[in-house]
Amino acid sequence: MSLQAKELKWLAGGRMILQNISFAVQPGEFLGIVGPNGSGKSSLMALLAGIRKAADGIVLIDGKELRRMGRRAVAQRLAFVEQQAETMERIRARQAVELGRTPHLGPLSAWSADDEEIVDQALESVEMTHMQDRFWHTLSGGERQRLHIARALAQQPSILLLDEPTNHLDIHHQLALLELVKAQGLTVIVALHDLNHAAMFCDRIIMMNHGKIICAGAPRDVLTRGNIASVFNVQVHVEAESDGSCHIRYERSFQDERNREKKWLSSAA
Ligand SMILES: Nc1ncnc2c1ncn2[C@@H]1O[C@H](COP(=O)(O)OP(=O)(O)OP(=O)(O)O)[C@@H](O)[C@H]1O
C-alpha cells in the first residue's frame with residue numbers, strides 16, 4: 001500500500017509546528033525520518049496515523065483520503081507504534097499483543113485459531129514468547145517496546161508507522177527489531193535517531209528541521225557531512241560502504257578536545 005502526504009501543515013499553541021510537508025512512500029518501501037529533537041518527527045507521524053488532524057493538507061492511503069476513512073478501516077491497513085505508547089497496567093503481555101487483532105474482529109468474525117496463531121508468531125518474532133504470561137507493569141521498558149511492535153505486527157497492517165522504535169532497546173534488540181520489520185516487506189515509515197541505523201536499513205530518508213523537510217533521497221545523498229553539520233550541528237566523516245550505503249563516524253567537538261586536554265594537563269601536574 002502507498003501513502004502520500006500533500007502540503008501538510010500543523011499548528012499547536014498558536015505556533016507552526018509542521019509546514020509544506022509533501023512526500024510519497026511506495027508499497028514495500030522503508031522510509032526513515034531523521035531530525036533533531038523538536039524538529040517535528042512525532043507530530044508528522046501522528047498526522048500520518050490520523051490521530052491528529054492537519055490544519056491544512058491531506059494524507060492519502062492508496063489514493064484514498066485518510067480523514068474520510070473510518071477508524072476500523074484505517075486500523076486494518078495501518079499500525080502505529082508511538083514513542084510514548086500508553087501503558088496497559090492490568091493486562092498480561094499476551095493480551096497486549098492480542099489487542100492488535102481488534103480491527104479484524106467483528107460480530108461475524110469472532111476470535112479464531114488463526115488469531116491465536118498470529119499472536120503466537122508476533123510474540124515469537126520479538127523474542128517475547130517466554131514472557132507472554134507476565135503482567136505488563138512488571139516488564140522493562142525494552143520488553144514493553146517489543147510487545148508494542150508485536151501488537152502492531154499482529155494487526156497485520158500493510159503500512160507500519162514507527163516512532164523511534166529502538167528507544168529502550170539494547171543493541172541486539174535494536175538491530176533485531178529493524179531486521180524483523182525490514183523482513184516483513186511492509187510499507188514502513190520510521191522515525192530514527194541513530195543515523196547509522198537509518199543508513200543501514202532505509203531505502204530512502206527524509207531529513208527534517210524546524211518542522212520542514214530539508215532534504216529527501218537515498219541515505220548516501222541525505223546523510224552527508226554538510227547536511228548533518230547544518231541540521232544536527234555535529235561534525236562527521238561519512239564513509240561510503242561497498243553496498244552503496246554509508247557509515248557515519250562522529251568527530252569529537254572542539255570543546256570536548258579542550259576539556260580533555262585540560263583534564264590531562266591538570267592530572268599530569
Ligand atoms: N501539543 C503540543 N502543543 C504545543 N507544542 C507542541 C505540541 N506537540 C508538539 N509540540 C512542539 O512541536 C515541536 C515538534 O515536536 P515533535 O515531538 O514532533 O518533535 P520530534 O522531532 O519528534 O522530537 P524528539 O526527537 O524530541 O522526539 C516541538 O517544539 C514541540 O514542543
Side-chain angles (χ1 to χ4, degrees), residues 3-25 30-59 66-67 74 78-87 141-142 144-146 148-149 152 159-171 173-175 177-178 181 187-202 204-217 219 222-224 227-236 248 250 253:
L3 185 144
Q4 204 178 349
K6 280 190 179 173
E7 293 291 325
L8 290 181
K9 187 201 271 188
W10 187 64
L11 296 101
R15 198 161 65 88
M16 182 74 83
I17 306 292
L18 293 170
Q19 55 183 317
N20 295 330
I21 304 286
S22 294
F23 64 90
V25 201
F30 197 106
L31 177 79
I33 301 183
V34 301
N37 290 142
S39 55
K41 303 179 296 296
S42 299
S43 307
L44 174 58
M45 299 298 264
L47 292 188
L48 299 178
I51 61 170
R52 276 187 190 149
K53 297 219 176 332
D56 218 341
I58 53 171
V59 176
L66 178 74
R67 67 183 166 198
V74 172
L78 179 152
F80 180 30
V81 178
E82 291 180 69
Q83 196 181 353
Q84 280 141 2
E86 78 294 352
T87 53
R144 289 180 193 194
Q145 184 67 353
R146 279 148 60 197
H148 280 303
I149 301 293
I159 301 171
L160 192 51
L161 304 181
L162 304 170
D163 193 359
E164 293 173 28
T166 51
N167 270 1
H168 299 296
L169 299 186
D170 64 58
I171 189 66
H173 286 110
Q174 288 183 32
L175 294 169
L177 182 137
L178 291 169
V181 170
T187 308
V188 177
I189 304 180
V190 54
L192 287 169
H193 271 305
D194 189 315
L195 301 183
N196 279 315
H197 288 172
M200 271 172 84
F201 290 97
C202 297
R204 213 150 47 88
I205 294 176
I206 284 176
M207 188 179 277
M208 295 184 66
N209 204 11
H210 303 304
K212 292 183 192 162
I213 294 179
I214 301 301
C215 56
V222 171
L223 300 175
T224 62
N227 285 342
I228 294 171
S230 70
V231 169
F232 290 92
N233 194 23
V234 168
Q235 298 302 317
V236 298
I248 294 144
Y250 298 97
S253 73

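Whatever order the structure lists ligands and atoms in, that order sets their numbers, starting from 1. When a residue number appears, it is its place in the shown sequence, counting from 1. Here the structure is a predicted model, which is why all the values come from computation and not from measurement.
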Who's the nearest protein heavy-atom neighbour of [atom], and how far?
atom	answer
atom 8 (N) of ligand 1	W10 CH2, 3.8 Å
atom 18 (O) of ligand 1	S43 OG, 2.5 Å
atom 3 (N) of ligand 1	A12 CB, 3.4 Å
atom 25 (O) of ligand 1	K41 NZ, 2.8 Å
atom 10 (N) of ligand 1	I17 CD1, 4.1 Å
atom 17 (O) of ligand 1	S42 CB, 3.6 Å
atom 29 (O) of ligand 1	R15 NH2, 2.9 Å
atom 23 (O) of ligand 1	G38 N, 2.8 Å

Heavy atoms from other residues, nucleotides or ligands near NE2 of H197 exceed 12 (cutoff 6.0 Å) =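 Above 12, so yes.
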Should we say atom CG of D170 is surrounded by more than 12 heavy atoms from elsewhere, each under 6.0 Å from it?
->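 Yes, because the 6.0 Å sphere around CG of D170 holds more than 12 heavy atoms from other groups.
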Can you tell if the side chain of D194 reaches within under 4.5 Å of the side chain of T166, non-hydrogen atoms only?
->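 Result no, sub-4.5 Å side-chain heavy-atom pair not found.
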Side chains of L195 and Y250: does their closest heavy-atom pair fall under 4.5 Å?
->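 Result yes, sub-4.5 Å side-chain heavy-atom pair found.
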side-chain hydrogen bond (donor to acceptor under 3.5 Å, both in side chains) partner of S42, the single match among R52, E82, E164, Q83 |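 The single option meeting the side-chain hydrogen bond (donor to acceptor under 3.5 Å, both in side chains) with S42 is Q83.
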Of the non-hydrogen atoms in [X] and [Y], which two are nearest, and what is the gap between them?
X	Y	result
V222	A216	CG2-C, 3.6 Å
V231	M208	CG1-O, 3.7 Å
S22	E7	OG-N, 2.8 Å
I149	L162	CD1-CD2, 3.9 Å

What atoms in ligand 1 come closer than 4.0 Å to a heavy atom of [X]?
X	result
P36	21 (O)
H193	25 (O)
E164	25 (O), 27 (O)
Q83	27 (O)

Compute the minimum heavy-atom distance from [X] to ligand 1 and say whether it is under 4.0 Å.
X	answer
G40	yes
A191	no
M45	no

Could you state the interatomic distance from CD1 (I206) to CD1 (I21), rounded to the nearest 0.5 Å?
->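 Rounded to the nearest 0.5 Å, the CD1-CD1 separation comes out at 7.5 Å.
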Residue selection (non-hydrogen contact nearest atom 26 (O) of ligand 1) among L192, I33, D163, N37 =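 Closest candidate by heavy-atom distance is N37.
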